[in-house]
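Scope of the values below: all heavy atoms of this structure, side chains included, with no hydrogens, waters or symmetry mates.
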Amino acid sequence: TSMICFDEKPFKNIFVHGIVTDINKRKMSKSEGNDVKPKEVIEKYNRDFLRYYLIKNSDGDDIAFNWNDFGDITRFFNVFLNTHNFLSLYLSKYAGTKLDVKVLQTEDLWLLSRLNSLVVECEKNYEQLTFYKITALIEQFVMEDLSRTYIKLIRDRVGSPTEQAVAATLNETMNTLLRLLAPVMPHAAEYLYQDARDSKMPESIHLYDFPEVQKKLIDKELETQMDFAKTIVQTSLSLREEQKLRLRWPLKELIVKTKTGKELKRVLPIIASSANVKKSSETTSSPKGNYAEKALDDSTSLFLNIETDA
């Protein structure tokens, strides 16, 4: 009809997924008794979980429906909700606080860099209609960067003079995440937005534009150093386990030998805090003393002073 009346196609793009089958990849049908109605999923979970599930699994192939996959979605959303509740419970007095880069600490700048890198990737995949990649990107950010890394690093800053910087960082992060998630989980995004909204903010999350990339906040060097730092911390924990030294026992020093001696200078305090050592440093030569040693590669080794810091 559109071509006949207006000589124009009635669409710009068409997004098509494969057939939804049962877990054994058999076509669903009433006669086989293996059909699952959308209403069943909605009643057991909710509409947004169904939308999220279909988007997450729509990579162009058939979708083998599996109820167990909703457990992963529930875990992701619970982690996201816990972060929202953390901000609401401990830092709500700073609602609407604007970012001031001058007062941000290294972990704040890292998270904001990762956030804006995420926006770049999500925008690209929305435009390319590869929606399933968006859910994977957001899950990775929320589970790993936000929850397992950043929240652990800043817990002790709540109640300190730097808590406002934490609040501003989390406000920016959560608002941006809700805007990225709004097309995928419109009801949940709106619910959480309304819970955090103040009178100066738009009436709905759906009245926002898509997040604009803040290129000045993207710091790939810092992201690389933090990735390296996380590897070092995990290796130091392995060293502690080998030496039967629990994490709650503070140690004197962790030395990282690298090729240049300048690969970790911005994240050394984060390494010290996460590894529970009084001091962390970087060098190009092996130290002498009572150290447990572990090599990461040909040019990088860890030296953990195994004397407890009384």
Side-chain angles (χ1 to χ4, degrees), residues 1-70 72-74 76-77 80 115-142 175-194 197 201-215:
T1 302
S2 177
M3 292 298 295
I4 294 172
C5 295
F6 307 108
D7 196 29
E8 290 183 6
K9 59 185 179 182
F11 53 83
K12 292 182 179 179
N13 296 289
I14 297 178
F15 179 75
V16 180
H17 62 71
I19 297 171
V20 180
T21 68
D22 68 12
I23 194 171
N24 297 313
K25 298 187 177 181
R26 297 178 304 166
K27 182 179 178 181
M28 286 188 178
S29 69
K30 274 187 177 181
S31 60
E32 293 289 336
N34 64 346
D35 63 319
V36 178
K37 298 179 177 63
K39 184 179 179 181
E40 294 178 51
V41 182
I42 292 169
E43 288 177 347
K44 187 170 183 178
Y45 294 99
N46 55 62
R47 287 171 173 80
D48 276 8
F49 274 34
L50 177 58
R51 286 172 62 95
Y52 192 95
Y53 175 83
L54 292 173
I55 290 169
K56 182 178 180 178
N57 289 281
S58 293
D59 58 0
D61 294 328
D62 292 347
I63 300 173
F65 185 87
N66 186 349
W67 284 104
N68 292 333
D69 290 343
F70 286 89
D72 294 333
I73 298 173
T74 300
F76 157 71
F77 189 73
F80 190 82
L115 178 68
N116 281 277
S117 294
L118 174 68
V119 172
V120 171
E121 290 301 310
C122 285
E123 183 175 14
K124 179 179 72 176
N125 284 291
Y126 269 124
E127 290 174 349
Q128 294 176 350
L129 306 185
T130 47
F131 304 128
Y132 68 96
K133 292 183 179 179
I134 294 168
T135 57
L137 287 165
I138 293 175
E139 282 186 21
Q140 171 68 18
F141 178 86
V142 170
N175 182 272
T176 301
L177 285 172
L178 288 175
R179 290 156 69 185
L180 292 175
L181 274 171
V184 181
M185 304 182 82
H187 304 94
E190 181 68 10
Y191 174 82
L192 293 177
Y193 175 77
Q194 291 300 331
R197 175 178 172 266
M201 298 166 70
E203 290 185 11
S204 170
I205 191 69
H206 303 294
L207 295 178
Y208 279 92
D209 292 331
F210 192 85
E212 186 174 340
V213 178
Q214 300 180 66
K215 293 182 180 179

Practice task
Look at the side chain of Arg47 and the backbone N and O of Ile42, then say whether any donor-acceptor pair between them is shorter than 3.5 Å.
Solution key: no
Exercise for the section: Let me see the working for Leu177 and Phe141 under side chain to side chain contact (heavy atoms under 4.5 Å, CB included), right down to the final yes or no. Expected result: CA-CA 10 Å; Leu177 285 172; Phe141 178 86; 3.9 Å; yes
Could you check whether any side-chain heavy atom of [X] comes within less than 4.5 Å of a side-chain heavy atom of [Y], counting everything from C-beta outward?
| X | Y | result |
| --- | --- | --- |
| Glu190 | Arg197 | no |
| Lys44 | Phe70 | no |
| Arg51 | Val184 | no |
| Arg26 | Asn34 | yes |

Problem - Check: Phe76 ring centre within less than 6.0 Å of Tyr52 ring centre - result: yes
Can you give me every donor-acceptor pair (side chain of residues 122-129, partner residue at least two apart or in another chain, under 3.5 Å) with its distance?
{"residue": "Lys124", "atom": "NZ", "partner": "Glu121", "partner atom": "OE1", "Å": "3.2"}
{"residue": "Asn125", "atom": "OD1", "partner": "Thr130", "partner atom": "OG1", "Å": "2.6"}
{"residue": "Asn125", "atom": "ND2", "partner": "Glu121", "partner atom": "O", "Å": "2.8"}
{"residue": "Tyr126", "atom": "OH", "partner": "Leu180", "partner atom": "O", "Å": "2.8"}

Problem - Closest approach of Ala188 to Asp48 (non-hydrogen atoms, all atoms of both residues) - result: N-OD2, 2.6 Å
Exercise for the section: With rounding to the nearest 0.5 Å, note down the distance linking CG in Leu137 to CG in Leu118. Expected result: 6.0 Å
Handout entry: Test log, rule side chain to side chain contact (heavy atoms under 4.5 Å, CB included), inputs Trp67 and Tyr45
Key = CA-CA 11 Å; Trp67 284 104; Tyr45 294 99; 3.9 Å; yes
Exercise for the section: Show your reasoning for whether side chain to side chain contact (heavy atoms under 4.5 Å, CB included) applies to Met201 and Tyr193. Expected result: CA-CA 10 Å; Met201 298 166 70; Tyr193 175 77; 3.3 Å; yes
Practice task
Take Asp72 and Glu139 through the side chain to side chain contact (heavy atoms under 4.5 Å, CB included) test and state the conclusion after the steps.
Solution key: CA-CA 10 Å; Asp72 294 333; Glu139 282 186 21; 5.9 Å; no
